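First comes the structure, then the notes that go with it.
Source: prediction; values computed, not measured. Sequential numbering from 1 along the given sequence is applied to the chain's residues.
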Amino acid sequence: MASIIVISGTRKGDFYRLGQRTNVIGRDEALPIQILDDRVSRKHMQIHFDQRNWSYSAADIGSRNGVLINGAKIDKETVLADGDYITIGNTSLMFTVKDFFDRESALAHVKKVGERTRPTKTY
């Protein structure tokens with residue numbers, strides 16, 4: 001199943017398995033995916049699993065500062081693709097369709113994806 005990996009912010013390195021349910025992400029301490037960031041609303045966004053299409057989508061749920069996917073602000077539910085970057089407040093998350101057993105394997109995946117997107121120097 002899919003995962004969210006925190007790639008910047010106070011929770012950098014944390015990862016969360018999404019499962020086949022709707023996950024709410026925000027600052028609220030009662031949420032399973034809590035992001036400690038002053039620019040994140042108590043209930044900032046949700047990631048929804050659609051069993052019909054076997055896909056995940058993200059939606060802003062009335063946050064003050066919005067949700068960006070790959071740098072573009074979303075205003076409606078948006079289907080997520082493997083490797084999408086989600087920004088809420090000052091925190092960046094990576095969505096991946098992969099599931100990880102531990103923190104180290106999640107961070108290794110982020111590093112590997114980062115190396116693929118780094119431009120090649122030409123001399």
Spatial distance of atom CG (L36) from atom OG1 (T10) [nearest 0.5 Å]: 4.5 Å
Close side-chain approach of M1 and R17, heavy atoms under 4.5 Å: no
Nearest heavy atoms of Y16 and Q34, plus distance in Å: OH-O, 3.9 Å
Closest approach of T87 to S92 (non-hydrogen atoms, all atoms of both residues): OG1-OG, 4.0 Å
Pairwise distance CD(E77) to CG(D50) - rounded to 0.5 angstrom: 8.0 Å
I33 side, atom CD1; D14 side, atom CG - distance, nearest 0.5 Å: 10.5 Å
D82 (side chain) donor-acceptor with V97 (main chain) under 3.5 angstrom: yes
Closest non-hydrogen atom pair, I61 against K43: CG1-O, 3.5 Å
L18 backbone acceptor or donor facing N23 side chain under 3.5 Å: yes
S63 (side chain) donor-acceptor with S41 (main chain) under 3.5 angstrom: no
Spatial distance of atom CZ (R42) from atom CZ (R64) [nearest 0.5 Å]: 12.5 Å
Test item: side-chain donor near acceptor, H48 and T22, under 3.5 Å: yes
Side chain to side chain contact (heavy atoms under 4.5 Å, CB included) between L68 and I86, worked out: CA-CA 6 Å; L68 298 135; I86 303 167; over 6 Å; no
Check: S3 main-chain N/O paired with T96 side-chain donor or acceptor under 3.5 Å: no
Heavy-atom pair with the smallest gap, counting every atom of M45 and I88: SD-CG2, 3.7 Å
W54 and F49 aromatic ring geometry - parallel, tilted or perpendicular at 30°/60° bounds: perpendicular
hydrophobic_cluster_shared for V24 and L93, side chain cutoff 4.5 Å: no
Separation of Y85 OH from N70 CG (nearest 0.5 Å): 8.5 Å
Atom pair NZ (K76) and CG (D60), whose distance is rounded to the nearest 0.5 Å: 14.0 Å
Polar side-chain atom of H44 near backbone of V67 as donor-acceptor pair, under 3.5 Å: no
R27 side chain vs V40 backbone, donor-acceptor pair below 3.5 Å: yes
Nearest heavy atoms of I47 and Y56, plus distance in Å: CG2-CD2, 3.9 Å
Basic-acidic side-chain contact under 4.0 Å: R39, D37: no
G9 to T91 - nearest heavy-atom pair and separation: CA-OG1, 4.3 Å
Hphob cluster co-occupancy, I74 + F95, side-chain heavy atoms under 4.5 angstrom: yes
Over 12 non-hydrogen atoms of neighbours within 6.0 angstrom of CG in D38: no
Side-chain donor/acceptor of N53 to backbone N/O of S55, under 3.5 Å: no
